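Just below is one structure, and these are the notes that go with it.
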Amino acid sequence: MILLVFGLVHFYLWKRLGHDTLRPGWPRRVGTVVALVLTVLAPTTLIGVRAGYVKWLAWPGYLWIAVMFYLLIALLVLEIPRLVVRLLWVDRVRTGKGHEAAETRSAAADGESPRPEAVPVATGAPTATTAHDAEPGTKTKDAEAGTKTKTANASSVTDKTEATSNTEAPSDGTTGIDRRLVLARGAAIFAGLTAASVTGYGVRTATSAPRIDRMQIPIPKLPRSMDGTRLAVVSDIHLGPLTGIGHAQRITRVINSVGADLVCVVGDLVDGSVAELGRLAEPLRGIESRRGAYFVTGNHEYYSGYQEWVEEVAELGMRPLRNERVEIDGLDLAGVNDLGGEEHGDPADFAKALGDRDTARPVVLMAHQPLAAKDAAPYGVDLQLSGHTHGGQMAPFNLLVKLQQPVVSGFGRVDGVPVYVTNGAGFWGPPVRVGAPPQVTVVELRVA
């Protein structure tokens, strides 16, 4: 499936950026080779880097995927004006030919004969005279005068014909081909500059420190002693081959700057094994909070050796909530394993985490995917904290995420359950964020 999708996308890009913009010859052949190399690069990066191989391809491979994505979007958007321009040009050519044909038909209807084409006459050529012409002495003079007149007229007509041919488009279609080439190259240049600019902006955004968003959420059963409790919600840190140790250091500084009562890390902490990334996670040991830091698994933990990471997270000072809950001054904080854990023998168990609790107390549920709210709804959850979506990460990809998750970013309700979804503090795949900046959210619980 991946190979098919990438193959079709790269064929389209080659058609618009190579075939349509380059004349036959070695430039087009070089463009074809480049297109084939990039076609192989994209899936090789996605599959190979994730499997722990060819990590040196991570930066060029993932950056090309981002550029490819925005090239595709830009070219698809340009298809509409491209089609309009071509239709207008064809209509203009047809209108011009139809006008000439109409003049010819009109002249024929009026009984006029077509204008004879001017035939150049050589200056020294003899001319014929009729038998009833004037005296022999005058015939030569008249013939010579007629010859000069015809030659002058022919020269004048020839000059007019040449002048007209310099202003009118030739009928062999050469100008049309040149126009199409110019149009294709202009579209390619515009798409290339757009894709490069958007990708550059996205890289800068993705690799910068997360911004802090704040939101107040009323909880009807919240004890007054817990009114104003601040939860620092962070997800999708995605420590991996492109992040480095500075990534965790930046996130830790941002979390500590808000003075949170509770820190909730809602999954997708890593993209690799403890052996590979343990040192990159070390700065998270410095996370500070008044009432503790908690963690639930995301789907990427199950690709990275979740059992080892659960132990490593505990070692770093965060308590994993594995289908369980803790009571914090009249508030229940619960956590369930990611929905993807079922494929790895570690499923989410909502009944275990929520089934036997005192319903007079409010409960905040940590669940990696917003979709989990559908399973949590029967248990009367007061608030669910989630991540997973990255806010779409690269707009307009957020429109596709909406097809799979009920809430993409921010606050929403799923089957009556209030759900807050944070954009995440890291990135997955391309180190690019467009329209969904990295985020640490401070959720302030208030008495309703």
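It should be emphasised that the depicted structure is a prediction, and the values quoted were computed from it without experimental measurement. The figures here come from the full heavy-atom set of this structure, side chains too, leaving out hydrogens, waters and symmetry mates.
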Ignoring hydrogens and geometry beyond distance, is a side-chain donor-acceptor pair present between [X] and [Y] at under 3.5 Å?
| X | Y | value |
| --- | --- | --- |
| T252 | Q249 | no |
| T422 | T441 | yes |
| S386 | Y420 | no |
| D236 | H388 | no |

Inset, instruction - Would you check, one step at a time, whether the test salt bridge (Lys or Arg N to Asp or Glu O under 4.0 Å) holds for R322 with D346? - result: CA-CA 9 Å; R322 311 224 344 108; D346 194 42; 2.8 Å; yes
How close do [X] and [Y] get, heavy atom to heavy atom, and via which atoms?
| X | Y | answer |
| --- | --- | --- |
| A377 | V417 | CA-CG2, 3.5 Å |
| V381 | P418 | O-CD, 4.0 Å |
| Y12 | E79 | OH-OE2, 2.7 Å |

Is the [atom1] atom of [X] crowded by more than 12 outside heavy atoms at less than 6.0 Å?
| X | atom1 | value |
| --- | --- | --- |
| F411 | CZ | yes |
| R285 | CZ | yes |
| R204 | CZ | no |

Inset, instruction - Please answer whether the main-chain N or O of H300 pairs with a side-chain N or O of D268 as donor and acceptor at a distance below 3.5 Å. - result: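 Here the side-chain-to-backbone pair exists.
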Are any non-hydrogen side-chain atoms of [X] and [Y] less than 4.5 angstrom apart?
| X | Y | result |
| --- | --- | --- |
| L231 | M215 | no |
| N337 | D349 | no |
| M226 | R446 | no |

Inset, instruction - Answer yes or no: is there an ion pair linking R361 with D382, defined by an N-O contact shorter than 4.0 Å? - result: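 D382 and R361: not salt-bridged.
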Legend entry - Carboxylate-amine/guanidinium proximity below 4.0 Å for E288 and R253: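 Salt bridge absent between E288 and R253.
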Inset, instruction - Give the intermediate values and the outcome of salt bridge (Lys or Arg N to Asp or Glu O under 4.0 Å) for residues E327 and R357. - result: CA-CA 10 Å; E327 182 182 351; R357 69 182 187 86; over 6 Å; no
Do [X] and [Y] have ring centres separated by under 6.0 Å?
| X | Y | answer |
| --- | --- | --- |
| H10 | W64 | yes |
| H247 | H238 | no |
| W428 | H390 | no |

Inset, instruction - Go through the steps for D20 and R28 under the test salt bridge (Lys or Arg N to Asp or Glu O under 4.0 Å), then give the verdict. - result: CA-CA 9 Å; D20 292 354; R28 183 180 289 183; over 6 Å; no
